[in-house]
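Written below as structure tokens is the structure these notes are about.
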Amino acid sequence: MEDLLEVKNLSFFYGADQALKDVTLPIRKNSITSLIGPSGCGKTTLLRCFNRMHDLYPKNRYAGEILMAGRNILSDGVDVLKLRNAMGMVFQKPTPFPMSVFDNVAYGLRLKSVRNMSALREKVEKALRQAAVWDEVKDRLHRNAAGLSGGQQQRLVIARTLAVEPKVILFDESTSALDPISAKKIEELMAELKKEVTIVAVTHNMQQAARISDYTALMYLGSLVEFDETGVIFTKPKHKMTEDYVTGRFG
Amino acid sequence: MTSGQTKNLIFKIVAGMAAASVLAIVAAMAATLYVQSRPALTRFGFVNFLTSTSWNYGQEVFGAARPLFGTFASALLALIVAVPAALGIAVFLTEICPSKLRGVIAAALELLAAIPSIIYGMWGLFILAPALEKFVQPLVGETLGRLPLIGSFFQTKLAGGVNLFTASMILAIMIVPFISGIAREAMAQVPPMLKESSYALGATRWETVRRVVVPYVKTALAGGIVMAMGRALGETMAVAYVIGNRHAPLESIFSPYVTITSVMANEFNEAGGLQLSALFSLAFFLFAANFLALTLAKRLLGGKKWTI
């Protein structure tokens with residue numbers, strides 16, 4: 001499969017603290033890559049490099065490269081706003097904005113100056129259908145998004161991300177705050193979405209990584225321990241540490 | 001009863017009485033204001049007193065319309081200036097400012113809030129009033145004063161800078177720390193994840209503040225504004241210094257005028273009879289207006305929080 005992104009010798013520093021150490025791995029197009037590892041291993045830090053979320057806070061520094069179509073997205077000349085448009089992100093908890101369901105999904109489109117109401121309506125409906133939440137919200141598009149259940153809110157947030165047609169969606173433990181049924185719906189949705197987008201998902205839940213992902217990367221103390229097809233990671237890993245981690249002997 | 005139980009009971013009674021005394025004092029004040037304002041209100045009639053613009057010591061005819069209007073007009077004008085400024089400060093402090101500078105500005109704001117109002121009054125009278133007359137009046141007169149219909153309302157009036165506009169600006173300066181404090185506190189409560197969600201869609205800082213942060217805090221903000229308005233309505237010394245306390249038609253925002261508080265501060269000493277009762281009536285209205293503002297603000301500030 002083709003590589004959409006290539007992480008090359010990536011290091012990351014919060015001030016003087018090095019949180020990522022020389023990480024190299026590919027992100028294959030139209031696949032799901034899980035990032036697993038114990039708390040503090042750097043998996044979320046790595047995820048937040050892809051959309052340069054770290055740029056929001058002072059004293060953060062990248063070293064190394066993340067290549068996308070041959071271009072380093074970490075370099076100074078990159079338009080970060082455009083990059084974030086191409087790299088959607090879904091967080092641990094649902095984060096609906098304090099506005100209506102419709103306005104939530106239209107948010108990113110309006111940022112891109114889509115003003116035409118019929119175009120907005122069409123794209124909002126398409127995104128909500130893609131996120132498998134249209135049937136549940138179609139009668140309440142103009143009511144506040146806070147009224148939806150947690151699982152519906154999370155699918156709304158996915159719809160909001162899909163509306164701007166990203167190439168990649170970054171999931172940061174996006175099912176951890178949901179009940180098992182809602183979490184299962186999100187997992188099914190992710191499997192469906194990889195036909196159109198590439199997914200990178202941080203998860204604490206190893207069963208989930210085994211169930212949904214095509215590739216898995218185990219991280220530990222800021223370094224990549226092992227990257228391979230998920231089947232290989234969970235059945236015949238090359239490293240002893242990986243075997244210990246996936247069998248629950250450490251972590 | 002054991003001695004422990006007795007102590008507990010005494011403690012409960014003492015604490016209860018202390019709490020009850022607060023209610024008693026508020027009730028007593030309201031009762032005093034009501035009783036003292038009765039003569040004027042019965043003499044002129046409630047509605048007539050509210051709508052009459054006369055304030056004639058010789059003939060003993062008094063009306064509340066001008067002071068009431070002056071009070072609300074100066075508070076409103078102050079809010080028009082103070083709210084955008086305070087919002088700007090709050091956004092700067094929570095979203096833009098480097099953390100070292102933040103402490104300095106926050107301390108300066110606290111200091112500004114702690115200055116006794118009489119000092120604002122003196123500074124307003126000797127520094128701000130002449131400065132506004134010299135630099136701002138001509139500017140406003142040249143621009144807004146040229147407008148049709150409402151232009152006359154912005155005509156320059158040279159009277160040493162003592163006027164409704166100066167009073168409003170003093171009030172604005174006094175309530176800015178207050179509004180920005182509440183706005184800052186509310187903005188600090190916005191979950192970082194919510195803001196990041198906006199950034200993650202390619203939003204700029206400005207778009208995130210305008211479309212996510214401000215809508216998120218708008219109820220608390222409204223509460224802070226109403227509370228600040230309550231303060232502006234009741235502010236006495238600073239306003240009494242710079243408004244001129246002149247019972248005359250308001251020709252321009254640069255005319256000397258009256259507010260409830262300026263009338264009370266200036267006239268209580270020499271007042272007697274119906275005039276005194278009229279002053280008590282004004283005090284009663286102010287009391288009621290402040291009570292309403294505070295109740296509304298509490299309701300807004302304590303309102304249902306948005307959670308994620």
Side-chain angles (χ1 to χ4, degrees), chain A residues 47-48 50-59 79-100 103-113 144-148 150 153-154 156-158 160-166 168-170 172-174 177, chain B residues 87 90-105 182-225 300-308:
Chain A
L47 192 76
R48 290 163 69 93
F50 290 114
N51 63 350
R52 292 183 58 174
M53 215 44 145
H54 298 300
D55 290 24
L56 291 173
Y57 306 96
K59 292 181 182 164
D79 181 342
V80 177
L81 301 183
K82 276 214 180 101
L83 174 71
R84 292 198 185 128
N85 234 303
M87 303 265 182
M89 188 169 222
V90 180
F91 294 80
Q92 282 109 313
K93 286 185 195 167
T95 54
F97 296 142
M99 51 184 80
S100 72
D103 289 341
N104 260 282
V105 184
Y107 187 88
L109 296 166
R110 286 183 172 136
L111 291 179
K112 294 208 293 188
S113 302
N144 205 310
L148 302 177
Q153 286 183 5
Q154 196 64 307
L156 171 71
V157 169
I158 294 172
R160 184 172 74 191
T161 307
L162 286 168
V164 294
E165 294 168 6
V168 180
I169 300 184
L170 310 166
D172 187 3
E173 292 180 48
S174 303
Chain B
L87 265 180
V91 169
F92 179 77
L93 287 178
T94 49
E95 302 292 328
I96 301 166
C97 183
S99 57
K100 277 181 194 162
L101 188 62
R102 183 182 303 148
V104 177
I105 297 177
I182 289 178
R184 236 188 104 194
E185 214 169 285
M187 285 178 187
Q189 305 288 319
V190 179
M193 230 191 271
L194 195 68
K195 289 190 269 182
E196 286 181 356
S197 296
S198 171
Y199 291 123
L201 286 160
T204 61
R205 213 177 276 265
W206 160 243
E207 287 162 342
T208 302
V209 167
R210 189 169 69 99
R211 292 166 187 255
V212 176
V213 175
V214 170
Y216 188 89
V217 301
K218 63 175 182 253
T219 323
L221 214 56
I225 291 168
L300 289 169
L301 286 170
K304 192 177 151 282
K305 295 257 158 55
W306 188 284
T307 50
I308 67 161

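Residue numbers begin at 1 in each chain, while the letters A, B, ... track the order of the sequences.
Residue pairs meeting the side-chain hydrogen bond (donor to acceptor under 3.5 Å, both in side chains) criterion with at least one member in residues 183-192 of chain B: none, sequence neighbours excluded.
Between A/K112 and A/N85, the closest side-chain pair of non-hydrogen atoms falls below 4.5 Å. Between A/L111 and A/L81 there is no side-chain heavy-atom pair separated by less than 4.5 Å.
Between chain A and the residues B/R211, B/K218, B/R205, the most heavy-atom pairs under 4.5 angstrom are made by B/R211. In terms of heavy-atom pairs under 4.5 angstrom with chain B, the leader among A/R52, A/M89, A/R110, A/R160 is A/R160. Heavy-atom pairs under 4.5 Å with chain B peak, among A/T161, A/L56, A/N51, A/V80, at A/L56.
In this structure, B/R102 has no salt bridge (charged side-chain N to carboxylate O under 4.0 Å, His left out) partners at least two apart in sequence or on a different chain. Under the ring pair (Phe, Tyr, Trp, His ring centres under 6.0 Å) criterion, A/F91 pairs with no residue at all, not counting sequence neighbours.
For the pair A/S174 (side chain) and A/V90 (backbone), a donor-acceptor distance under 3.5 Å is present. Judged by distance alone, the side chain of A/D79 and the main-chain N or O of A/K82 form a donor-acceptor pair under 3.5 Å. One N or O on the side chain of A/Q153 and one on the backbone of A/L148 form a donor-acceptor pair closer than 3.5 Å.
Contacts with chain A (heavy atom to heavy atom, under 4.5 Å) involve these residues of residues 195-204 of chain B, listed by number: B/E196, B/S197, B/S198, B/Y199, B/A200, B/L201, B/G202, B/A203, B/T204.
The part of A/Y57 that comes within reach of chain B is its side chain, from C-beta onward, which places non-hydrogen atoms under 4.5 angstrom from that chain.
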